[in-house]
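Every heavy atom of this structure was used, including side-chain atoms; hydrogens, water molecules and symmetry mates were not. Keep in mind that this is a model prediction, so the values were computed, not measured. Note that ligands are numbered from 1 as they come in the structure, with each ligand's atoms numbered from 1 the same way.
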Amino acid sequence: MAVDSTLPSAVGASVSEKYAKALVFIEEMTKNVDSVQERVLAEILTRNAETEYLKRFNLKGATDRGIFKSKIPVVIYEDLQPEIQRIANGDKSPILSSHPISEFLTSSGTSAGERKLMPTIHEELDRRQLLYSLLMPVMNLYVPGLDKGKGLYFLFIKAETKTPGGLLARPVLTSYYKSEHFKNRPYDPFNVYTSPDETILCPDSIQSMYAQMLCGLIMREEILRVGAVFASGLLKAIRLLQVNWKEFAHDIETGTLNPKVSDPSVRECMSKILKPNPELAAFVTKECSEENWERIITRIWPNTKYLDVIVTGAMAQYIPTLEYYSGGLPMACTMYASSECYFGLNLKPMCKPSEVSYTIMPNMAYFEFLPHESSTPELSRDSPPPLVDLADLEVGKEYELIVTTYAGLCRYRVGDILKVTGFHNAAPQFRFIRRKNVLLSIDFDKTDESELQQAIENASVLLKEFNTSVVEYTSYADTKHIPGRYVIYWELFVKEAANAPTDKVLSQCCFEMEESLNVVYRQCRVADSIGPLEIRVVKNGTFEELMDYAISRGASINQYKVPRCVSFTPIMELLDSRVISKHFSPALPHWNPERRP
Ligand code: AMP
């Protein structure tokens with residue numbers, strides 16, 4: 001067992017008392033994983049003993065793991081949907097949680113095309129804040145001097161709605177940034193952002209990003225780290241600079257804010273920051289007008305020590321682009337979290353992206369793990385599933401994460417597959433392997449195989465009048481362009497060449513597919529973080545060639561299935577060399593914050 005038991009010691013006086021305490025806390029939690037987990041489960045079961053959900057399974061007040069495991073089923077979102085719907089409709093009785101559900105967190109994971117609604121309770125904000133408060137003490141061990149400058153972070157809030165019963169439904173980060181915990185956070189010299197809160201809290205994400213970028217340009221020499229939550233967010237900001245650098249240079253030269261930023265509180269706070277600075281404007285113009293944007297991050301922000309962005313999981317596809325823009329700066333993946341629960345942090349944040357392992361903090365929830373092998377049968381309702389506790393995991397094995405939260409999710413399958421890479425004290429450390437069933441992802445969107453299949457079926461209805469059908473298809477998440485887009489390869493069977501579908505029809509098919517995809521895809525598309533979906537029609541016989549290729553590499557003819565998503569370069573090259581026409585979605589799909597009835 002690989003045991004990593006010591007954190008490097010903090011540099012004496014530069015670390016505040018608070019930071020030292022945070023490190024002690026991490027040590028205590030990771031040394032006592034099992035007893036903390038036992039306590040957390042007992043706390044959750046005690047407080048929720050009278051909930052309708054726990055009573056249903058006859059727990060009769062038991063708080064020990066054995067009884068809990070034998071009586072409570074492992075569930076997915078759809079199993080809890082009736083309870084969640086009742087809470088959303090205004091039923092305030094203790095259904096899942098004895099503490100009132102304070103709001104719903106809208107996950108980027110979807111169910112029937114809509115975002116999943118995760119119940120939360122007010123005190124979860126304390127837990128989230130606690131996890132945030134551990135990040136800088138750890139980072140400070142590896143990167144000295146972060147209190148001598150600022151962080152340029154692109155942070156955003158998103159649209160929120162109300163459920164029929166009047167509860168807010170919004171993404172977890174929106175909930176956090178709008179909370180008093182964030183707005184009234186105590187001053188911390190290691191954690192000073194260039195973005196004023198007014199810019200982060202601006203509901204218009206383009207105005208918000210514009211103002212945050214402008215602050216970053218103005219304070220460029222003070223900036224020691226550049227980041228966003230996910231890699232895709234930082235790349236969006238770089239693209240904004242690429243498209244609007246003339247506007248930024250003008251604002252800086254004249255000391256006036258672009259009138260397109262109309263939010264009054266953003267205008268007011270920017271008026272205190274923005275002063276005419278022709279020299280800086282000339283610098284921005286010089287750097288941004290160059291054709292070559294390689295190392296643009298370090299050219300504009302020369303003191304940047306690292307990028308603070310998650311590049312694990314679906315975000316790994318952005319590593320080469322970020323390396324290009326940053327000249328190979330380290331990328332710190334600090335945290336692993338979700339709407340259901342914040343899980344843990346990376347205790348070696350300056351490691352290479354390929355080596356990132358997250359340590360789950362045992363105080364956040366009660367965690368169980370379903371061993372994940374390709375042969376793992378689906379869970380049966382009759383026999384209790386063989387779930388393993390946090391303290392009992394084995395290095396090298398993969399598991400699916402299952403949580404029981406203070407807010408009332410019991411044995412809930414998060415859908416993430418994690419691999420144990422080692423231990424910090426008694427706490428396992430995990431590499432994020434993948435999210436189950438995600439075929440395509442560009443930003444926050446997650447499209448699974450059945451959603452793609454449905455979208456293709458809906459689009460191919462338009463081909464009927466041309467006596468044409470889709471013989472085979474596959475897909476590709478093209479993140480070489482910014483914004484990235486879904487590319488769908490289609491092999492068509494056209495019965496009458498004279499009546500083949502036109503570009504207009506195939507473009508309409510692209511649009512129809514976009515309309516059919518889930519709400520998170522459509523929202524990202526409307527927010528311009530995903531570009532127009534593209535259909536590439538390939539020559540007849542291409543998919544047969546694809547099969548020949550797979551068989552030549554050892555696939556069995558009997559078991560061969562067309563991959564519904566591809567990324568392997570030789571396959572991409574084969575497909576692209578057979579393309580006969582390309583078509584793009586001509587319009588934005590419909591999206592509004594309201595849930596579809
Ligand atoms: P959401 O429910 O929309 O907040 O999304 C949470 C999901 O995002 C998690 O369950 C993971 O699949 C993914 N995620 C969160 N943090 C990370 C991370 N550090 N690395 C990889 N994937 C992550």
For atom 4 (O) of ligand 1, grab the closest protein heavy atom and report residue, atom and distance to one decimal in Å.
Ser339 OG, 3.1 Å
Can Asp416 and Lys436 be counted as an ion pair, charged N to O under 4.0 angstrom?
no
Spacing of Leu235 atom CG and Asp443 atom CG [to the nearest 0.5 Å]:
10.0 Å
Identify the protein heavy atom lying closest to atom 7 (C) of ligand 1, giving its residue, its atom name and the separation to 0.1 Å.
Arg435 NH1, 3.6 Å
Proximal atoms of ligand 1 relative to Ile310 (non-hydrogen, under 4.0 Å):
18 (C), 19 (N), 20 (N)
Salt bridge Arg86-Glu83, side-chain N to carboxylate O under 4.0 Å:
no
When you compare ligand 1 with Lys446, is there at least one nitrogen or oxygen pair between them that comes in under 3.5 angstrom?
no
Is any NZ, NE, NH1 or NH2 atom of the basic residue among Arg435 and Asp448 found under 4.0 Å from an Asp or Glu carboxylate oxygen of the other?
no
Kindly confirm or rule out an N or O of Thr106 lying under 3.5 angstrom from an N or O of ligand 1.
no
Looking at residues at least two apart in the chain, or sitting in another chain, which of them share a side-chain contact (heavy atoms from CB on, under 4.5 Å) with Thr174?
Ile157, Lys158, Glu160, Arg170, Pro171, Lys178
What I want to find out is whether Arg39 reaches Glu43 closely enough, with some N-O distance under 4.0 Å, to be called a salt bridge.
yes
Between Tyr366 and Phe68, what is the ring plane arrangement, given parallel below 30°, perpendicular above 60°, and tilted in between?
perpendicular
Specify the protein heavy atom at minimum distance from atom 12 (O) of ligand 1: its residue, its atom name, and the distance to 0.1 Å.
Asp416 OD1, 2.8 Å
Name all pairs fulfilling the side-chain hydrogen bond (donor to acceptor under 3.5 Å, both in side chains) condition that reach into residues 309-328, sequence neighbours left out, sorted by first residue then second.
Asn292-Tyr324, Thr312-Tyr358
For ligand 1, does Met335 get within less than 4.0 Å through its side chain, its backbone, both, or neither, judged by non-hydrogen atoms?
backbone
When distances are taken from atom 3 (O) of ligand 1, the protein heavy atom at minimum range is Ser108 OG, 2.5 Å
Below 4.0 Å from any atom of ligand 1, is there a heavy atom belonging to Ala337?
yes
Check Glu514 with Arg522, please: is the shortest side-chain N to carboxylate O separation under 4.0 Å?
no
Examine Tyr336 against ligand 1 and note whether any of their N/O atoms are separated by less than 3.5 Å.
no
With a 4.0 Å cut-off on heavy atoms, is Met118 in contact with ligand 1?
no
Which bit of Thr312 gets closer than 4.0 Å to ligand 1, counting heavy atoms only: side chain, backbone, both or neither?
both
Just to confirm my output: which protein heavy-atom neighbour is closest to atom 6 (C) of ligand 1, and how far is it?
Ser338 CB, 3.4 Å
May I ask whether Tyr358 places a heavy atom under 4.0 Å from ligand 1?
yes
